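For reference, the structure is listed below as C-alpha cells.
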Amino acid sequence: MTVGLWGLIALVMGDELKNLRRGWTTGACAAAAAKAACSALLTGEFPDPVTITLPGGQKPAFALAQHRLTKTKATAAIVKDAGDDPDVTHGALICVTVKRNAKGGGLTFKAGEGVGTVTRAGLPVPPGEPAINPMPRTMIARAIADIAGDNTAFDVEVAVPGGEKIARRTLNGRLGIVGGISILGTTGIVIPYSCSSWIHSIHRGIDVARAAGFDHVAASTGSSSENAVRALHGLEEQQLLDMGDFVGGTLKYLRMHPVRRVTIAGGAAKMTKLAQGMLDLHSARGAPDLTMLAQIAIKLGASDGLAGRIGSANTVAEVFELAHGEGIAIGDAVAGKAWRTAAQVLDDPTVMLEIIVFDRDKNQLGHAPFAAASGHAPRPLKRR
C-alpha cells in the first residue's frame, strides 16, 4: 500500500471513505483456516463456511478456498480479503496445516512456505520463531479451543504461497524477518486506508533499533532524504525508519520508547508542514503555508518584493530557490520551526533531536542541529 494512493482516494472521495468495505487480517484468516483444519482432523468434516470470534466479539464467516485431509493432518486455506484496502496481501492464500503433537504441551507454531522467520531481537516474537504475531497466535489458539477444548496439543503450520515475493513490498527485510510475510492483526479487521501496516512497521523498526543497542535513529519521509541522511551520518539499515507522512505516529512512539538521538529528515514541502505544526504530512491533510514562509523570509531580512513572490509561488521548492537567490537562509528557519513542533511531541530533554531538510538531489537545504527535545527552540532565527 502507498500513502500516495491513500491521498488520491481521500481527495477524490472525501467522506465516501467512511463507506468503504472493511476486510480481514492475515491473522483472522489464519485463525479461521486453523479452526476448519482442526475440525476436519477431529471429525473428518471441514466446516464451510467456518466462523470464528474476533477479539472484539465479531463473528465473521470465511469460505474455504482449499482443503485437504489425511490420516495425520488436515489443511485448510482461505483467500485473504482486505476489503477496499489496497493491502499487499489482498488475495493471498492463507493456508494452515494442523496435526497432532505427540509431545503434548499446547500449540507449536511453524512457518510454512511464504511466512517469515524472525532473526532480530525487538520484535513481538523472539528470534528463531515464525513471524506470527502474538494476537494472531491467540486468535488461532481460541479458534482451535472452540473445536478441541483448552487442553490441546497440535502443530500449527501457517503458509502463504508466494509470500516471499509479497514480502519484498514490505519492510520485513529491514526488520530482520526473512523468508516471507508476517501474520498480523490485533483486531482481525482491516480498516480501509488506515495505513496500520505502515505504522506497525515504523513502531517495529524502533523496537528493533533499540534492541540492537543503537542510540541514534533517523526517520525520513522518502527514499531521497533517507539515502542522504544515511550517508551523512553513516547509519546502519536498522537505524533507518521509513516514516513516510507519519511523523506524528513516529514521534509519539519514540516518546514512549525513547532513543537518545533522533533525526527527522525530509523534503522542503514536508518539513514546511511540520514547521506549521502538522503531524500528518500528507497532501490530503493540508498544503504548505506560503504566507508563513513569506513571514519567515521577512524576519530574515527579505525585501517586500521577495516576500510577495514567495507568497505567490507555485511550490515550496520555488520558495527555497527564490530565497536562496537573495541569500535568505529560509531552510534553516523552516528546520528550526519543524524542530519546535517535533520537540513538543517528544517532550524529553534526554533525547537529542535534529531536523534536516533535503531536496530531491539529496542536497541539504536546512538544518536544526541536535539539541535536547525540551520543546524550546534550538537556536534563534538569523537575520541576513
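Only heavy atoms go into these numbers, but all of them, side chains included; no hydrogens, no water, no symmetry mates. Keep in mind the model is a prediction, meaning the values are calculated, not measured. If you read the sequence from its start, that first residue is 1, and numbering goes on from there.
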Is a salt bridge present between E326 and R309, judged by a nitrogen-to-oxygen distance below 4.0 Å? yes
Do T263 and H216 meet the criterion of a side-chain donor-acceptor pair at a distance under 3.5 Å? yes
In the hydrophobic clustering that connects Ile, Leu, Val, Met, Phe, Trp and Tyr at side-chain heavy-atom distances below 4.5 Å, which members other than V208 occupy its cluster, ordered by chain and number? V118, L123, V125, L175, I177
Answer yes if the side chains of E354 and H367 hold a donor-acceptor pair under 3.5 Å, and no otherwise. yes
We want to know whether S182 and N172 form a side-chain donor-acceptor pair, criterion being a heavy-atom distance below 3.5 angstrom. yes
All N/O donor-acceptor pairs, side-chain side in residues 48-65, below 3.5 Å, sequence neighbours left out:
residue : atom : partner : partner atom : Å
D48     : OD1  : L64     : N            : 3.0
T53     : OG1  : K59     : NZ           : 2.9

Salt bridge check, D280 against K273: does any charged N sit closer than 4.0 Å to a carboxylate O? no
Non-neighbouring partners of D215 that pass side chain to side chain donor-acceptor pair (under 3.5 Å), sequence neighbours left out: R260
Residues, nucleotides or ligands: over 12 heavy atoms within 6.0 Å of H257 NE2: yes
If you count heavy atoms of other groups shown closer than 6.0 angstrom to NZ of K99, is the number above 12? no
State, without any angle test, whether T221 and K270 hold a side-chain donor-acceptor pair at a distance under 3.5 Å. no
With a sphere of 6.0 Å drawn around CZ of R210, does it hold more than 12 non-hydrogen atoms of other residues, nucleotides or ligands? yes
